[in-house]
Amino acid sequence: MSTPFSSPQQILRDVFGYTAFRGAQQQIVEHLTGGGDALVLMPTGGGKSLCYQIPSLLRPGVGIVVSPLIALMQDQVDALRQLGVPAAFLNSSLDADSAREVSRQLLRGELKLLYVAPERLMTEGFLNLLERLQQEAGIALFAIDEAHCVSQWGHDFRPEYRALTVLHERFPAVPRVALTATADAPTRREIVERLALEQASQFVSSFDRPNIRYRVTLKNNARQQLQAFLETEHPSDAGIVYCLSRKKVEETAVWLTEQGWDALPYHAGLDAATRNQNQRRFLREEGVIMVATVAFGMGIDKPNVRFVAHLDLPKSMEGYYQETGRAGRDGLPANAWMAYGLGDAVSMRQMLMSGDAPEERKRVELQKLDALLGFCEATACRHQTVLRYFGEEHPGDCGQCDNCLEPVDTWDATQAAQMALSCVYRTGQRFGVAHLIDVLLGKATPKIEQFNHQQLSTFGIGKELAQQQWSGVYRQLVAAGLLNVDMEAYGGLKLTEAARPVLRGEQAVWLRRDAAPARRQGSKAERGSRLREAFAGANEDPLWQALKGKRLELAKEQGVPPYVIFHDSTLLEILNRKPQTLDEMAQISGVGQAKLTRYGEEFLRAVAAVAKGTDAG
Ligand code: ADP
Ligand code: ZN
């Protein structure tokens with residue numbers, strides 16, 4: 001197919017309906033269009049797809065996109081077809097006839113983009129097909145998506161990815177681009193080495209997600225806190241609630257449903273049919289809440305996930321960043337909310353230490369957990385804390401995370417920490433926090449009687465602080481690694497080396513002052529206002545409902561997710577600008593030529609009908 005396009009800007013405007021490139025997109029597009037190889041590191045939602053889609057349209061021949069996410073190929077291809085771009089996919093979900101038809105279209109030059117699973121790509125049959133393609137329609141480029149799958153240290157290792165160097169060997173003249181949202185330097189080095197990209201230009205974007213508001217709430221009654229969060233900030237939004245265990249996923253989904261939320265469970269223990277159906281509903285309907293273990297989310301690119309809530313701790317900062325990163329891919333405000341408490345810090349340590357992983361692996365996992373706990377207890381800007389972990393500087397003061405909005409007090413807790421630690425020591429390093437606090441407060445409980453703990457020097461020395469405050473002290477001492485869980489003593493706490501200098505009075509301890517639960521509750525509503533501002537009264541606006549209704553109707557007719565028709569951001573712009581002509585409609589971001597032709601009139605009618613006060617019907 002000859003290409004009717006002259007420049008990247010023209011394609012951006014006419015096909016995608018966007019006015020400006022984001023970040024490094026333009027440089028990347030120009031580099032690839034000119035025939036160079038590239039490694040692209042961009043956060044989720046950064047706009048990686050355009051980086052290979054536009055060069056595929058500009059260069060002669062077909063862009064071949066390698067992706068491990070079979071379940072998503074259909075949506076990606078649907079989205080391209082909506083834009084008027086001829087695209088197809090080849091993977092194990094196609095029957096033989098359909099696959100043959102795709103091959104024929106390919107050789108006839110009827111496609112501009114082809115998505116293919118790596119195991120299919122590596123077959124001799126497909127490689128031969130590519131060779132014929134090169135001689136006939138031509139190959140515009142190879143895009144290797146989710147390139148971190150070559151790394152065996154990563155979370156999604158795919159052995160077939162290792163064999164992808166064959167592309168370079170057999171088609172040396174075709175430009176290649178590898179893309180990933182995994183930021184760390186070792187993975188990056190491995191991608192370069194394994195895919196033979198030493199000569200490729202590297203485009204590394206900032207991994208900041210400025211539209212995500214990070215928040216860590218002190219857990220007291222997690223379900224009620226979640227409920228309050230949903231009611232004040234996300235009464236009708238799609239989002240993900242992460243839990244650690246399958247059981248908790250099930251229970252939480254049932255509970256949310258009982259409370260009237262449209263919630264579905266997802267975990268690896270459900271049969272494939274149920275999992276697929278729940279995932280499909282999450283993608284295709286509006287306002288569904290997915291309650292899930294980490295088994296859910298890889299490659300979910302629903303752009304309008306408005307919140308990610310954690311009822312349990314993720315295992316690492318990498319996990320936290322990745323899971324929360326599924327919120328707000330469309331760039332509109334989104335929330336990352338986590339409820340966290342002493343019990344989480346203790347039980348996560350316990351879980352990691354009791355697993356049957358080799359010692360070395362456990363040590364690494366504990367270090368990763370420590371970094372995460374440090375993040376939870378941090379008093380600095382959350383964006384700064386997250387990015388620093390990934391080796392990137394951020395000026396702080398984002399003005400929207402919990403710590404920036406309500407700066408956290410710290411207090412000199414040296415003496416309290418000494419009391420707390422020596423109470424652990426005097427009781428024999430085998431009790432849990434509840435008992436330790438009883439001893440400090442000098443309570444007369446049966447357990448204290450039984451062990452004769454009223455005789456201890458630490459008995460009753462902590463009356464100046466309340467139960468809640470001691471709990472905060474212990475939580476932070478566990479989080480900071482001064483206390484560890486003793487597996488031989490049924491999860492009792494014991495001192496670590498790091499506790500010594502504190503006990504000896506050589507090191508001061510400053511802790512964050514936990515806000516009283518009541519104060520936190522009160523300010524929550526305020527903090528949600530930014531999200532409401534973005535959708536400024538949209539939910540009450542009849543036009544908003546009409547636009548969403550029209551979108552859902554069109555999506556259902558065609559069997560595609562609503563966001564494939566238009567993103568929320570596009571609908572919002574229609575809502576705010578109320579276009580009256582096709583020309584005005586064409587100015588809206590996300591309305592390219594194909595969508596203008598297909599949907600322009602219908603949405604104009606909806607706008608006009610609501611303006612006249614009649615039903616858009
Ligand atoms: P990634 O694959 O990096 O997570 P996508 O390629 O899916 O991100 O892009 C994220 C969202 O941003 C998509 O909805 C896409 O249409 C939109 N987008 C990408 N580039 C631009 C741009 N230059 N202007 C406006 N929207 C864009
Ligand atoms: Zn901040």
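Side chains included, hydrogens not; waters and symmetry mates left out as well; all remaining heavy atoms used. Both counts, for ligands and for their atoms, begin at 1 and track the order of listing.
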Which residue and atom name correspond to the protein heavy atom nearest atom 5 (P) of ligand 1, and how close is it?
S49 OG, 3.6 Å
Would you mind running through ligand 1 and noting each atom that sits below 4.0 Å from a heavy atom of R329?
1 (P), 2 (O), 4 (O), 7 (O), 8 (O), 10 (C), 11 (C)
Provide the number and element of each atom of ligand 1 under 4.0 Å from a heavy atom of G45.
1 (P), 3 (O), 4 (O), 8 (O), 10 (C)
Does ligand 1 have any atom sitting under 4.0 Å from a heavy atom of P43?
yes
Could you measure the distance from the NE2 atom of H394 to the CZ atom of R388? Nearest 0.5 Å is fine.
10.5 Å
Do the side chains of R194 and Y161 get nearer than 4.5 Å, heavy atoms only?
no
Is there a donor-acceptor pair closer than 3.5 Å between any side-chain N or O of K550 and the backbone N or O of Q545?
no
Which atoms of ligand 1 have any heavy atom of T44 under 4.0 Å away?
4 (O)
Of all the non-hydrogen atoms in the protein, which one sits nearest to atom 8 (O) of ligand 1, and at what distance?
G47 N, 3.2 Å
With a 4.0 Å cut-off on heavy atoms, is A20 in contact with ligand 1?
yes
Run the salt-bridge test on K315 and E323 with the 4.0 Å N-O cut-off and return the result as yes or no.
no
Does ligand 1 have an atom that lies less than 4.0 angstrom from a heavy atom of P303?
no
Quick check: S589 and ligand 1, any N/O pair under 3.5 Å apart?
no
When rounded to the nearest 0.5 Å, the distance separating NE2 of H567 from CZ of R329 is 9.5 Å
Metal site angle (apex the Zn ion (ligand 2)), SG from C401 and SG from C398, 10 degrees
110°
Please determine whether any non-hydrogen atom of M42 lies less than 4.0 Å from an atom of ligand 1.
no
N-O pairing of D344 and K219 below 4.0 Å:
yes
Closest protein heavy atom to atom 20 (N) of ligand 1, given as residue, atom name and distance to 0.1 Å:
Q25 NE2, 2.9 Å
Test log, rule side-chain hydrogen bond (donor to acceptor under 3.5 Å, both in side chains), inputs E146 and T180:
CA-CA 5 Å; E146 314 289 344; T180 177; 5.8 Å; no
State whether the side chain of Q25 and the backbone N or O of R22 hold a donor-acceptor pair below 3.5 Å, judged by distance alone.
yes
Give the residue and atom name of whichever protein heavy atom lies nearest to atom 12 (O) of ligand 1, and the separation in Å to one decimal.
R22 NH1, 3.2 Å
May I ask you to list the atoms of ligand 1 that are less than 4.0 angstrom from any heavy atom of F21?
23 (N)
Checking the side chain of K595 only, and the main-chain atoms of I565 only, is there a donor and an acceptor separated by less than 3.5 Å?
yes
Would you confirm whether N91, through its side chain, and S93, through its main-chain N or O, come within 3.5 Å as a donor-acceptor pair?
yes
State whether C381 contributes an N/O/S atom found under 2.8 Å from the Zn ion (ligand 2).
yes
Should one rank Y52, Y18, Y563 by closest heavy-atom distance to atom 21 (C) of ligand 1, which comes out on top?
Y18
Does any N or O atom in D330 lie less than 3.5 angstrom from one in ligand 1, N or O only?
no
Considering only the protein, which heavy-atom contact is closest to atom 13 (C) of ligand 1, and what is its distance?
H567 CE1, 3.7 Å
Any chance the rings of F89 and Y115 have centres within less than 6.0 Å?
no
